[in-house]
Amino acid sequence: MKKNIIAMNASIMIGLGSILAAPSVYAESISNLEKQKESIQEKRSGVESNISETEKKIDNLQDKQMTAEDQIAAIEAKIAESAKKIDAKNAEITQTKKEIEALKEEIKILKERIAKRNEVLKERALSFQETGGDVNYLEVLFGSSSFGDLVDRVGAVATIAEADRDILKQHELDKKDLEEKQKAVETKLASLEVAKAELLEIQKQQKQQKQEKDALVKKLKQQTEKHEHEKMGLEEEKANLAAQEKAIKSAISLEHQRLAELEAARKKAAAEAKKRAEQEAAQAAAQASQATETKKQSTSSGYSAKSNSSSSSSQSSSNVSQAPAVSSGTFTRPSAGYVSSTMGERWNKQHAGIDIAASGTVPVVAAADGVVSRSYFSSTYGNVVFVTHSIGGQQWTTVYAHLSSRQVGEGAVVAKGQQVGIMGNTGHSFGQHLHFELHKGPWNYSKSNAVNPLNYINI
């Protein structure tokens, strides 16, 4: 009997020991969650710094783009000005060529006049040769019949001599004028052609500069678009980290609540154990046979409770239509269906998870206990749910994407196997399936924490 009392007290102490040990376990869990929260806060700070740096790069690229565009506008103005000057030179060249054509007509007329003078001079020279030159004039003078006739003849001879001198003088002037006009026009035309060639070369250089600036603007735009895309990804990561921090805070609050409840239960259990020990010590001798009967009844009652529990579990399980059975591992299968795509390279991009496909209305469940950090519609993920888990001091994140509908909101506490949505085909998706990701740590834009779900879940 004494041995039974000692054994009973030992059993009570073991129970109390487990209850007393539990708060330290919860305290350790809270400590781990606090560390995870600090890690997320540090990552958020780093992401914010990266966003700020990316914004500076975008601003710098946009400034360079504006400068380049201003330079292009200036070059285009110069090209337009050069085009005007070239048009003007073309007009001058056209006009000069017209002047040359007109001059050709003048030259033709002048040559005819020179030719006629040459004929006159040839006739005079021939006459001089036949008559002996000045003797001919003497005969003209001596052949006068009177003094008046002599005067007339002297005047005529003087006139003829003067006319010969004028012809020779005009002949020289016309030749000189012709040569000067030809030289002037040819020089002007050559000068215009040189000026036009220089303008064309300047315009060619300006067009080359414009092409270079256009290429620079195109490159700057591409770089700007790249950084803007990176910024969008970083902002997405920042939002997810903020949601995860909120989820961790919620988990910490729940752990504190559990710890408080556990402490109350511990005190109550300790008081009841003490009272029961005292009662059992006093009544042990008189109730030995009754204790044996009580033990039998207790065993029967326990079997009944287990039976009822099993029946309840079976009934609850039957209410979950098409949902996969909850496995005993760390993570359970998130939905029914077959794996249509594994993790790895796909379409020149990293496929950071697995795809599970099935037809009909297919429930999607949480792979483990956790807190919903995000529940929203994404242009790529479509309807998506992010769940943050704390398992053995390690933070995990699961992602359930392309859902037709979401059944949990941000901040919701979900149990392993609890439905979070319905499989669908939203976002960047081709056919109904669940895109499932598992991250050892928080989700980030580069998905560097992603691990292969098939290494952790039996699918």
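Everything numeric here is computed off the predicted structure, so don't read it as measured data.
Scanning both residues, Gly441 and Thr397, for their nearest heavy atoms gives O-OG1, 2.9 Å. For the residue pair Thr332 and Val326, the shortest heavy atom distance occurs at OG1-CA, 3.4 Å. What you find for Ser335 and Pro363 is that their closest heavy atoms are CB-O, 3.6 Å. In plain terms, the two heavy atoms of Ala352 and Ala450 that are nearest each other are O-CB, 3.8 Å. Summarising the geometry of Ala367 relative to Thr398, their closest heavy-atom pair is CB-CG2, 4.3 Å, with the distance given to 0.1 Å. Heavy-atom minimum distance, Val365 versus Pro324: CG2-CG, 4.2 Å.
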Legend entry - Check against side-chain contact (heavy atoms from CB on, under 4.5 Å), Gln203 and Leu199: CA-CA 6 Å; Gln203 190 182 58; Leu199 287 170; over 6 Å; no
Inset, instruction - Go through the steps for Tyr445 and Val47 under the test side-chain contact (heavy atoms from CB on, under 4.5 Å), then give the verdict. - result: CA-CA 10 Å; Tyr445 174 65; Val47 170; over 6 Å; no
Inset, instruction - Assess whether side-chain contact (heavy atoms from CB on, under 4.5 Å) is satisfied between Val387 and Val408, documenting all intermediate values. - result: CA-CA 10 Å; Val387 179; Val408 289; over 6 Å; no
Inset, instruction - Show your working on side-chain contact (heavy atoms from CB on, under 4.5 Å) between Phe377 and Val384 and close with a plain yes or no. - result: CA-CA 6 Å; Phe377 184 87; Val384 62; over 6 Å; no
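Contact annotation: the side chain of Met343 never approaches that of Leu454 to less than 4.5 Å [non-hydrogen atoms, C-beta and beyond]. A heavy-atom distance below 4.5 Å is found between the side chains of Lys196 and Asn90. Put simply, the side chain of Trp396 does not reach to within 4.5 Å of the side chain of His439, judged on heavy atoms. The shortest distance between side-chain heavy atoms of Gln223 and Lys226 does not fall below 4.5 Å. When side chains are defined from C-beta on, His227 counts as touching Glu230, because their heavy atoms get closer than 4.5 Å. The side-chain heavy atoms of Leu434 and Pro334, taken from C-beta on, include a pair separated by under 4.5 Å. Side-chain atoms of Lys218 and Asp214, non-hydrogen and from C-beta on, never get closer than 4.5 Å to each other. Taking the side chain as every heavy atom from C-beta outward, Gln208 and Lys204 never approach each other to under 4.5 Å.
Glu76 pairs by the salt bridge (Lys or Arg N to Asp or Glu O under 4.0 Å) definition with Lys210, not counting sequence neighbours. Every residue two or more places apart in sequence or in another chain that forms a side chain to side chain donor-acceptor pair (under 3.5 Å) with Asn383 is listed here: Arg406. Gln71 is linked by a side chain to side chain donor-acceptor pair (under 3.5 Å) to Lys213, counting only residues two or more places apart in sequence or in another chain. Here Glu345 pairs with nothing under the salt bridge (Lys or Arg N to Asp or Glu O under 4.0 Å) rule; sequence neighbours left out. Listed by chain and number, the residues in a salt bridge (Lys or Arg N to Asp or Glu O under 4.0 Å) with Glu201 amount to none (sequence neighbours excluded). Here Lys447 pairs with Glu437 under the salt bridge (Lys or Arg N to Asp or Glu O under 4.0 Å) rule; sequence neighbours left out. In this structure, the side-chain contact (heavy atoms from CB on, under 4.5 Å) partners of Lys64, at least two apart in sequence or on a different chain, are Asn60, Leu220. Asp369 is linked by a side-chain contact (heavy atoms from CB on, under 4.5 Å) to Ala415, Lys416, counting only residues two or more places apart in sequence or in another chain. Remark: Glu55 pairs with Lys231 by the side chain to side chain donor-acceptor pair (under 3.5 Å) rule, at least two apart or across chains. Every residue two or more places apart in sequence or in another chain was checked for a side-chain contact (heavy atoms from CB on, under 4.5 Å) with Ser49, and none qualifies. Every residue two or more places apart in sequence or in another chain was checked for a side chain to side chain donor-acceptor pair (under 3.5 Å) with Thr330, and none qualifies.
Atom CG of Asn444 is separated from atom CG of Leu234 by 10.0 Å, given to the nearest 0.5 angstrom. Distance check: Ser429 OG to Leu403 CG gives 10.5 Å after rounding to the nearest 0.5 Å. The CG atom of Leu61 sits 4.0 Å away from the OG1 atom of Thr224 when rounded to the nearest 0.5 Å. Here the CD atom belonging to Gln95 is positioned 12.5 Å from the CG atom belonging to Leu189, to the nearest 0.5 angstrom. The line from NE2 of His428 to NE2 of His435 is 11.0 Å long, rounded to the nearest 0.5 Å. Between atom CD of residue Glu235 and atom CD1 of residue Ile51 there is a gap of 5.0 Å, rounded to the nearest 0.5 Å.
Using a distance-only test at 3.5 Å, with no hydrogens or angles considered, no donor-acceptor pair links the side chain of Ser52 to the main chain of Glu48. Checking side-chain atoms of Asn449 against main-chain N and O of Pro442 turns up a donor-acceptor pair under 3.5 Å. Distance alone, capped at 3.5 Å, places no donor-acceptor pair between the Thr426 side chain and the Ser404 backbone. With Gln432 contributing its side chain and Gly360 its backbone, the two residues share a donor-acceptor pair below 3.5 Å. Of the possible polar contacts, none joining the Ser191 side chain to the Thr187 backbone as a donor-acceptor pair under 3.5 Å is found. Here the side chain of Ser373 pairs a donor or acceptor atom with the backbone of Phe386 at under 3.5 angstrom. Checking side-chain atoms of Ser375 against main-chain N and O of Val385 turns up no donor-acceptor pair under 3.5 Å.
A ring-centre distance under 6.0 Å is not found for His402 and Tyr400.
For residues 450-459, the set of pairs meeting the side chain to side chain donor-acceptor pair (under 3.5 Å) definition, not counting sequence neighbours, is empty.
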